Structures are given as structure tokens and as C-alpha cells.
Amino acid sequence: LGVVQPPALVALASVLLYGLYQVLTRMVGRTDAAETSLIWQLLVGAALASLAVPFAWRTPEPQHWPLFLLVAALGGVAHWAMIRALQLAPAAVIQPFTYTVLLWAVVIGYLAFSDLPDLWTVLGGSAIVAAGVYTALREHRLRRSG
């Protein structure tokens, strides 16, 4: 495969699907409430995730269930907030705010694993953030002038 490894293809597929999620969520948000979109996302996500259960299920320890519930609650609130944001503004305006994920990944990576990104990762992340901020600013100017 050369330079392109399977994990890179998974990451690429993830990015493409996330972009599709944002576009479709914005389209649906024109007619449906954020809560309706959230319920459908939860139902479809649970149904798709359950397909892996026969192959990967291990019964969690009882002490882990509160963490699962916390992750589910925070994830639900985060999805609702993203749906609502996409109803109020174009994805190009919302997207730069999601780049804070890069900062959180660095902080958590350092605190949990004593790991910091290398120079190429910092440069690549910076290029992605710069492109997103440029796009958001351009969209803002176009909307203001038009």
C-alpha cells in the first residue's frame, strides 16, 4: 500500500462521513426540530452499532456503567448543540469551532499518555485550522456584502 495505510483510509472515511452528516443535518434542520434529528441519529446509530454486538460484546463491569451513562449524556447534549448550531448557521461558519477538538486531543493525550504531537502534526493541524478559519471569514464577508 505504500504511504497510505488502512488507518489513514478509516480516518479519511470518517472525515467524509462527518462532512456529509453536517450537510444533511443542516438540510433536515430546515424542516425538523433539533430534537427530532437527535432522536433519529440516536436510533440509527444504536441500530448500526448493535450490528457489532455479536462479534465484540463483553459485559461491562458494574463500576463502568456510570461512565457509560455520563458519556451518553454528554454525547447527546453535544449532538443536540451541533444540530442546533447547524440550524442557525452554515456549516462553513460552525466548522472552525470544531477545531478546538485538536486542542483537547493534545491536552488529553498529554495528561493521559504523556504524549505530544510532533512538528508535522502541528503543521498539518495548523494548515487545516487556517483553511477553515479562512473559509469562515470568506463566508462571513460574502454574506455581509450580498
Side-chain angles (χ1 to χ4, degrees), residues 1 3-60 64-113 115-118 120-146:
L1 284 174
V3 179
V4 179
Q5 301 296 318
L9 297 176
V10 171
L12 179 62
S14 175
V15 169
L16 293 173
L17 290 172
Y18 185 63
L20 181 64
Y21 155 77
Q22 286 191 338
V23 170
L24 293 177
T25 298
R26 176 127 171 99
M27 288 172 56
V28 170
R30 294 178 189 148
T31 57
D32 288 344
E35 294 78 13
T36 303
S37 293
L38 179 63
I39 293 296
W40 276 109
Q41 288 177 20
L42 293 174
L43 291 174
V44 171
L48 291 175
S50 69
L51 296 175
V53 168
F55 307 104
W57 179 258
R58 289 189 346 209
T59 303
H64 295 156
W65 282 103
L67 290 174
F68 291 147
L69 294 174
L70 178 65
V71 168
L74 292 175
V77 170
H79 273 284
W80 178 85
M82 179 59 81
I83 293 165
R84 194 69 187 112
L86 288 166
Q87 287 177 333
L88 298 172
V93 173
I94 302 301
Q95 186 57 38
F97 292 100
T98 64
Y99 295 140
T100 61
V101 169
L102 295 172
L103 296 175
W104 286 111
V106 170
V107 169
I108 292 169
Y110 179 73
L111 293 176
F113 307 108
D115 184 41
L116 288 173
D118 63 8
W120 291 110
T121 303
V122 171
L123 290 174
S126 299
I128 291 169
V129 170
V133 170
Y134 168 77
T135 302
L137 291 173
R138 189 193 71 215
E139 289 290 320
H140 178 70
R141 281 191 211 115
L142 288 174
R143 211 170 340 182
R144 207 171 46 181
S145 67

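Remember, predicted model here, so these are calculated numbers, not experimental data.
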Considering residues at least two apart in sequence or located in another chain, which fulfil the side-chain contact (heavy atoms from CB on, under 4.5 Å) criterion with [X]?
X: Trp65; answer: Pro60, Phe68
X: Val77; answer: none
X: Arg58; answer: none
X: Tyr99; answer: Gln95, Pro96, Ile128, Val129

Review item, side-chain donor-acceptor pairs of residues 120-127, under 3.5 Å, at least two apart:
from   : atom 1 : to     : atom 2 : distance (Å)
Thr121 : OG1    : Asp118 : OD1    : 2.6
Ser126 : OG     : Val122 : O      : 2.7

Partner set under side chain to side chain donor-acceptor pair (under 3.5 Å) for Arg84, not counting sequence neighbours: Gln87
All side chain to side chain donor-acceptor pair (under 3.5 Å) counterparts of Ser50, not counting sequence neighbours: none
Phe97: partners by ring pair (Phe, Tyr, Trp, His ring centres under 6.0 Å), with sequence neighbours left out: none
Without placing hydrogens or testing angles, list every side-chain donor-acceptor pair under 3.5 Å for residues 40-48, not counting sequence neighbours.
from  : atom 1 : to    : atom 2 : distance (Å)
Gln41 : OE1    : His79 : ND1    : 3.4

Side chain proximity check, Tyr21 to Ile83, heavy atoms < 4.5 angstrom: yes
Check: residues 134-146 side-chain donor-acceptor pairs under 3.5 Å, at least two apart:
from   : atom 1 : to     : atom 2 : distance (Å)
Thr135 : OG1    : Ala131 : O      : 2.9
Ser145 : OG     : Arg141 : O      : 3.2
Ser145 : OG     : Leu142 : O      : 3.3

Where at least one partner belongs to residues 28-37, residue pairs that pass side-chain hydrogen bond (donor to acceptor under 3.5 Å, both in side chains), sequence neighbours excluded: Glu35-Trp80
Sequence neighbours excluded - side-chain hydrogen bond (donor to acceptor under 3.5 Å, both in side chains) pairs with any residue from residues 6-17: none
CG on Leu88 to CZ on Arg26, rounded to 0.5 Å: 8.5 Å
With Phe113, the side chain to side chain contact (heavy atoms under 4.5 Å, CB included) member among Leu116, Asp115, Leu111: Asp115
Shortest non-hydrogen contact between Met82 and Ile94, atoms and distance: SD-CG2, 3.8 Å
